[in-house]
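Some notes on the structure that comes next.
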Protein chains: 2
Amino acid sequence: MKHTTNGSLMTDIILETFKLNGLLVLEGDLLINDLGLTSARWKVLGALSNGPGPMTVSDIARMMGQSRQAVQRLSNEMIQAGLLETQPNPKHQRAKLMKLTGKGKRAYEQAMQKQIPWVNSIAENFKEKELKLVSSLLEKLISQLDS
Amino acid sequence: MKHTTNGSLMTDIILETFKLNGLLVLEGDLLINDLGLTSARWKVLGALSNGPGPMTVSDIARMMGQSRQAVQRLSNEMIQAGLLETQPNPKHQRAKLMKLTGKGKRAYEQAMQKQIPWVNSIAENFKEKELKLVSSLLEKLISQLDS
DNA sequence: TATAAAATGACAACATGTTGACACTATATA
DNA sequence: TATATAGTGTCAACATGTTGTCATTTTATA
């Protein structure tokens, strides 16, 4: 059995995704390491910042597409670091709600102030139409795999 | 400072790349775990299969865009597992050349026999033109970051 | 209501990746 | 040729992710 034309192109995209992911994590860490953040913590801050409000660890994990255990460990560390705090969850006795502290909010804002010029500069070499197409194709691919 | 239109779209693409990477690794592991392979080992087999011939660990690492130490550990394990073997390197006394064993070749072929129908099926929901555009944009993005 | 099923936090084991440091080898250059 | 520079294997520490298991809590259902 052989790759179809599309299958071969999709294989290229998959390998590119692996490589790009590694590069992006490295760049992200580099961008914000002076803020006491890492790419992993940044993603948690982002989930809480862009989410509907305080969320449980499991909510955050589902939003990020990661295991709740991974997010749990990060969250615990981030509470120790003063970036997150818990508040009681009326819906669940054990699953406390996570929210950003003032320090967490400031860290996220500072991170975004670094990310914005960085990403704007990278993105200016592309056409808006192309970026839209890529984003929507990746989204479609994710929802196909995320079953 | 704010995101430009392109910067905002590129940020979406970055977050999608994180999520897609995780899903792809999981799917890959699932696809081939009955062959005694993992996504990580598969990538090494792929590098050697698609490369110009026997390569050093450092060569493979550069090709995969990963640290040589990570590839070294995988390679050592894969030699133990009989998937790879070394041969002397006339160019370098310590940096031996890595090549696939018969078992390694068969494992890679079996993996591809699983990957091909899987990726063909996923890819048939997309247009060739779009896939080409996505692949080339990702490639361009990688080369921008890979400095 | 009683009980089965699902969700959650905690802990452990493991896989995969990074970086740093060290000794050794190969290569470029003064 | 002598020496600085770069590449390489090895080892260690660590970050980030997975899965499995267990006890507990919540939710769904018979």
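Quick note on labels: first sequence line is chain A, next is B, and so on, each numbered from 1. Predicted model, so just to flag it, every value in this text is computed and none were measured. Because only heavy atoms are used, hydrogens play no part in the values below, and waters and symmetry mates are left out as well, while side chains stay in.
For Gln66(A), there are no side chain to side chain donor-acceptor pair (under 3.5 Å) partners two or more places apart in sequence or in a different chain. A search for side chain to side chain donor-acceptor pair (under 3.5 Å) contacts involving Glu128(B) returns Lys132(B), not counting sequence neighbours. Residues passing the side-chain contact (heavy atoms from CB on, under 4.5 Å) test with Arg62(A), sequence neighbours excluded: Ser58(A), Asp59(A). Applying the side-chain contact (heavy atoms from CB on, under 4.5 Å) criterion to Ala70(B), with sequence neighbours excluded, gives Ser67(B). By the side-chain contact (heavy atoms from CB on, under 4.5 Å) test, Thr101(B) pairs with Glu85(B), Lys103(B), sequence neighbours left out. Take Asp29(A) and apply the side chain to side chain donor-acceptor pair (under 3.5 Å) test, not counting sequence neighbours, and it matches Ser39(A). For the side chain to side chain donor-acceptor pair (under 3.5 Å) test, residues two or more places apart in sequence or in another chain that qualify with Thr4(A) are Asn120(B). Residues satisfying the salt bridge (charged side-chain N to carboxylate O under 4.0 Å, His left out) test with Lys43(B), not counting sequence neighbours, are none. The side-chain contact (heavy atoms from CB on, under 4.5 Å) test applied to Lys19(B) returns Ile142(A), Asp146(A), not counting sequence neighbours.
To the nearest angstrom, P of dA15(C) lies 17 Å from CG of Leu30(B). Rounded to whole angstrom, the span from the CG atom of Leu24(A) across to the C1' atom of dT16(D) amounts to 16 Å. We find that CG of Asn21(B) is positioned 12 Å from P of dT18(C), with the value rounded to whole Å. Atom P of nucleotide dC11(C) and atom CG of Asn76(A) are separated by 9 Å, given to the nearest angstrom. In this structure, Phe18(B) places its CZ atom 16 Å from P of dG17(C), rounding to the nearest Å. Atom P of nucleotide dC11(C) and atom CD of Glu77(A) are separated by 13 Å, given to the nearest angstrom. Whole-Å rounding puts the Met78(A) CE to dA15(D) P distance at 14 Å. The nearest whole Å value for the distance from the CD atom in Gln80(B) to the C1' atom in dA15(C) is 17 Å.
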Under 3.5 Å between N/O atoms: give me all the protein pairs with nucleotides 2-4 of chain D, atom names plus distance.
none

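Of all the residues in residues 56-75 of chain A, Gln66(A), Ser67(A), Gln69(A), Ala70(A), Arg73(A), Leu74(A) reach under 4.0 Å from DNA chain D with at least one non-hydrogen atom. Within residues 83-101 of chain A, the residues having any heavy atom under 4.0 Å from DNA chain C are, by residue number, His92(A), Arg94(A), Ala95(A), Lys96(A).
A sub-4.0 Å separation between OP1 or OP2 of dT16(D) and a side-chain N or O of Thr38(A) is present. Taking side-chain N and O atoms only, Lys43(A) has no distance below 4.0 Å to OP1 or OP2 of dA15(D).
Between the Asn6(A) side chain and the Phe126(B) main chain, a donor and an acceptor come within less than 3.5 Å of each other.
Put simply, the side chain of Leu83(B) reaches to within 4.5 Å of the side chain of Leu37(B), judged on heavy atoms.
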